[in-house]
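Following: one structure in structure tokens, then a few remarks.
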Amino acid sequence: MGPLASGCYTRLLVFHHIEQRIAQSVAAYLKIRYGIETEVVVEPPKEPRFGELGVTSAFGLARQLRKAPRVIAAEILSEMPPIEGVASAEIAGNGYINLRLDRAAYGAALLAGDLQTAAPASTGKIIVEHTNINPNKAAHIGHVRNAVLGDTFVRMLRAAGHEVEVQNYIDNTGVQVADVVVGFHHLEHKTSEQVAGMAADPACRFDYLCWDLYARTSSYYKDNPEALEWRKQALHAIEAGVGELAELAHIVADAIVSCHIKTMLRMGIEYDVLPRESEILHLQFWATAFELLKERKGIYLEAEGKNAGCWVMPGSAFSDSTDEDTNKVIVRSNGTVTYVGKDIAYQLWKFGLLGKDFHYRPWTSYPDGRVLWVSTDRPSGGAAPKFGRGSSVYNVIDSRQSYLQDVVAAGLRALGFLEQAGHSIHFSYEMVALTPRTCVELGIQLSEEDQKRSYVEVAGRKGVGVKADDLIDKLIAATRAEVDARQTGGTGENAEAERQKIARQIAIGALRYFMLKVTRNSVIAFDFKDALSFEGETGPYIQYAVVRIRNIFRKGDTTPDEALTDFAQQFGDLKGHDFSRAAEMAKDEGALAPVVSNLASYLSGEANEDIWSLWLRAGRFSQVLEQCISTSEPAHLAKHAFQLAQEFANFYHRHHILTEEDPARKTFLLATAAVTLRELVRALALLGIESPEAM
RNA sequence: GGGCGAGUAGCUCAAUUGGAUAGAGCACCGGCCUUCUAAGCCGGGGGUUGUGGGUUCGAUUCCCGCCUCGCCUACCA
């Protein structure tokens, strides 16, 4: 559980608000009445007919109090003071306490406003590191999952009022870049000038070219193991930063990073800063971390055994094992540092614990004006923001690296930075694999064994995989065909641009939702058929609900804002009232009373259950957001958005708004659509999915 | 061998972290376009939650054993 597990809003709306209020009230009562302190679980009952929320505390208390749960529930029910926002309560089953909300008060609160979040109380800056693609080949679907997860989590944190810095680490000096350098130099016999020319040629898909070259080099090593010497030479040259090979590496890495930034921007993904490994080396970040680790005895020099001459971290530091075999080499016997070592230095910098900083220069400016900075080893005169110095760090890295992430956290602990180690969070997720069927479509040869599996791992080294840009292109082609078939965007002068825009919005919506609807620790078995589907539980389904609502307002010649204003004027002034105030006013038969009583009639009764269900869910945004953040699981919001869209679709078919004859009811139905629209758009925005005007 | 994760409908996945009759989507079958767009809606069949025990009022969820699968377990990154 992360450092954000506890609530960080000072004010919450609707569902979350009332859920908390109930939990607190019951907990306080239990403490006074029985002297027992316990966490009270409040959750919706299995079926709506039992009410909106249920409390199961009576069961837990039964043993301690030596009373039947039903008796305890009865005591709680009869003696507890009323809870604001709760209309009634009853006992069910063996001791469930079921609560029914004051629907009008809930509805008034939902109408009244936006989610209001205050800046979280001094939790400090949160750093989220994601994407981190080796700059030696095109991005593939595995990278898309990483970036979409990371980006969505960033959007959620920002929506909750946190200050967030997005880092995309660039390993521009590693073996993967070295292998492409070897390919260009030894296999292709290209000079750095020639490669620079290819990289600058707009007709050349440089990242695709390197994708193939990387695969070629890898297979060349397999047939000619002596060629691994080339890799070693390239690595040395790159690390030293001089000579033709270093120049090649520089050109390749920079060009590929540019490709990645563009690819990610197609999905709406932006970064604040690109810390690069070359600067970690040149600015001696590792040397500083090395001294610290030696000083504080986090690592030691192995005298004998297989790791003789290496600086190692004892396995006991990051696992239960005391076996020496689990020791992790940090510095090789030839004096060079491993990846994990550099990662420890980088992690220290993120927390501001290294006592050093990078220099920076602008890498590019995004269309929205945001500047993307890159690390440099010397001052460039630009006024860069203060990067690093985070109070919490989320590393979005696939679960295969959990062992290495444990070592990094252990490094912080070994240095005595216990708090930072605790706030060093591995935001892990499972890999994206391919279904055998998709492999066949891609022309990938599979063994008989693999054909029987439900999925096959992507292997970048072999060039096996689905490139992100190819997938996006394919999605856009598919959505464009649908858009054309429907003549969405009209046939006028701007039709072409309009259609392309809508096709892109839907394609990206489909892609991002596809990545987000699955929980993190589930392997995604990527299948073209599923990914190219726009029906059922997909992004486009939710976007379609949005478009339908917009069409209602367009056809009705009004707007959501007008509808809400009309509603407020018709039934009283709702603006500026918060939940507790609304409930209070309702009780006092004050200014809000007419609204509340009208709402009550519209939101209750057998015939209105589906509408109430829609309102109830529409008010759950802040609760779901909090859940996503405390569990680091964006999938909950994806599910919420889908369910809300589903309830709206149901509502849409049962209630025809524009032909409603009762003007008051029509206003209410329009307000229902307006609130749903607001909540759908808000949820989609956090998922990084745009809400199209037409479909 | 050790570590981590997974096993739920034919398929792909959920299940608000121990709650009430385990839910969605896809696929399949049957209905619904003269209506605010059918990228939609309604209905139907589909389950011994891998397996055996345990914990308790209550287990898909927690504990132990076993079976199957994946990943990790480099002086690669």
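First the proteins, then the strands, lettered A, B, ... as listed; each starts at 1. What you see is a predicted model; the values in this text were computed from it and never measured.
Base contact: A:Pro45 has a heavy atom under 4.0 Å from a base atom. A:Ala308 comes within 4.0 angstrom of a base, heavy atoms only. Among the atoms of the strands shown, only primed sugar atoms or phosphate atoms (P, OP1, OP2) are found under 4.0 Å from some heavy atom of A:Ala525. A:Ser533 comes within 4.0 angstrom of nothing in the nucleic acid, heavy atoms only. As judged by a 4.0 angstrom heavy-atom cut-off over every strand, A:Lys529 is placed among residues touching the sugar-phosphate backbone only. As judged by a 4.0 angstrom heavy-atom cut-off over every strand, A:Val483 is placed among the base-contacting residues. At the heavy-atom level, A:Arg620 lies under 4.0 Å from base atoms of the strands shown. If you check every strand for non-hydrogen atoms under 4.0 Å, A:Gln646 touches sugar and phosphate atoms only.
For A:Arg486 and B:A39, the shortest distance from a side-chain N or O to OP1 or OP2 is below 4.0 Å. The side chain of A:His636 places an N or O atom within less than 4.0 Å of a non-bridging phosphate oxygen (OP1 or OP2) of B:A15. One finds a side-chain N or O of A:Lys46 lying less than 4.0 angstrom from the OP1 or OP2 phosphate oxygen of B:A20. The side chain of A:Arg453 places no N or O atom within less than 4.0 Å of a non-bridging phosphate oxygen (OP1 or OP2) of B:C69. At the phosphate of B:U37, OP1 or OP2 sits under 4.0 Å from a side-chain N or O atom of A:Asn551. Put simply, A:Asn650 has a side-chain N or O that comes within less than 4.0 Å of OP1 or OP2 on B:C42. For B:A6, the OP1/OP2 oxygens have a side-chain nitrogen or oxygen of A:Asn521 closer than 4.0 Å. Residue A:Arg548 places at least one side-chain N or O under 4.0 Å from the OP1 or OP2 atom of B:A38. Under 4.0 angstrom from either OP1 or OP2 of B:A77 there lies no side-chain N or O belonging to A:Tyr346.
Side-chain atoms of A:Arg49 come within donor-acceptor range of the base of B:U21, with a qualifying N/O pair under 3.5 Å. In terms of polar N and O atoms assigned as donor or acceptor, the side chain of A:Ser333 comes within less than 3.5 Å of the base of B:C75 in a complementary pairing. For a distance-only test at 3.5 Å, the side chain of A:Glu47 qualifies as a donor-acceptor partner of the base of B:U21.
At least one donor-acceptor pair closer than 3.5 Å links the side chain of A:Thr479 to the backbone N or O of A:Ala503. Formation of a donor-acceptor pair under 3.5 Å by the A:Glu43 side chain with backbone atoms of A:Gly54 is not found in this model. The main-chain N or O of A:Thr659 is never found under 3.5 Å from a side-chain atom of A:Lys666 such that the two would form a donor-acceptor pair.
Between A:Tyr541 atom OH and B:A39 atom C1' there is a gap of 10 Å when expressed in whole angstrom units. Rounded to whole angstrom, the span from the OH atom of A:Tyr652 across to the P atom of B:A39 amounts to 10 Å. Rounded to whole angstrom, the span from the CD atom of A:Gln643 across to the C1' atom of B:A15 amounts to 10 Å.
Taking the side chain to side chain donor-acceptor pair (under 3.5 Å) definition, one finds that A:Asn98 meets it with nothing, sequence neighbours left out.
Between B:U37, B:A39, B:C36, one nucleotide has an atom nearer to the side chain of A:Ala694 than all others, and that is B:U37. For A:Lys555, whose side chain is taken as the heavy atoms from C-beta onward, the closest listed nucleotide among B:G5, B:C72, B:U37 is B:U37. Side-chain proximity of A:Phe534 to the nucleotides B:A39, B:G25, B:G19 is greatest for B:A39. Picking from B:C41, B:C72, B:C71 the nucleotide with the shortest atom distance to the side chain of A:Met431 gives B:C71. Side chain of A:Ile657, nearest nucleotide from B:A77, B:C36, B:U17: B:C36. Counting only heavy atoms from C-beta on, A:Tyr339 has its side chain closest to B:A77 among B:A24, B:A77, B:U37. Listed nucleotides: B:C41, B:G5, B:C76. Nearest to the side chain of A:Glu430: B:G5.
Nearest heavy atoms, A:His260 versus A:Asn134: CE1-O, 3.6 Å.
With P as the reference atom, B:A9 and B:C71 are 22 Å apart, rounded to whole Å.
In terms of position along RNA chain B, the nucleotide closest to A:Asn98 lies nearer the 5' end than the nucleotide closest to the other residue of the pair A:His653 and A:Asn98.
For B:U21, the glycosidic angle deviates from 0 by more than 90°, giving an anti base. By the rule that a glycosidic angle within 90° of 0 means syn, B:C33 counts as syn.
Aromatic ring centres of A:Tyr544 and A:Tyr541 lie farther apart than the 6.0 Å criterion allows.
For the 3.5 Å distance criterion, the side chains of A:Ser522 and A:Glu430 fail to qualify, holding no donor opposite an acceptor.
Exactly one residue among A:Tyr169, A:Phe285, A:Trp286, A:Tyr339 makes a ring pair (Phe, Tyr, Trp, His ring centres under 6.0 Å) with A:Tyr346. That residue is A:Tyr169.
B:A20 has its base stacked against the ring of A:Phe50, the centroids being under 5.5 angstrom apart at an interplanar angle below 30°. Residue ring and nucleobase are stacked for A:Tyr96 and B:A20, with a centre distance beneath 5.5 angstrom and an angle between planes beneath 30°. A stacked arrangement is assigned to A:His656 and the six-membered base ring of B:C36, with a centre-to-centre distance below 5.5 Å and an interplanar angle below 30°.
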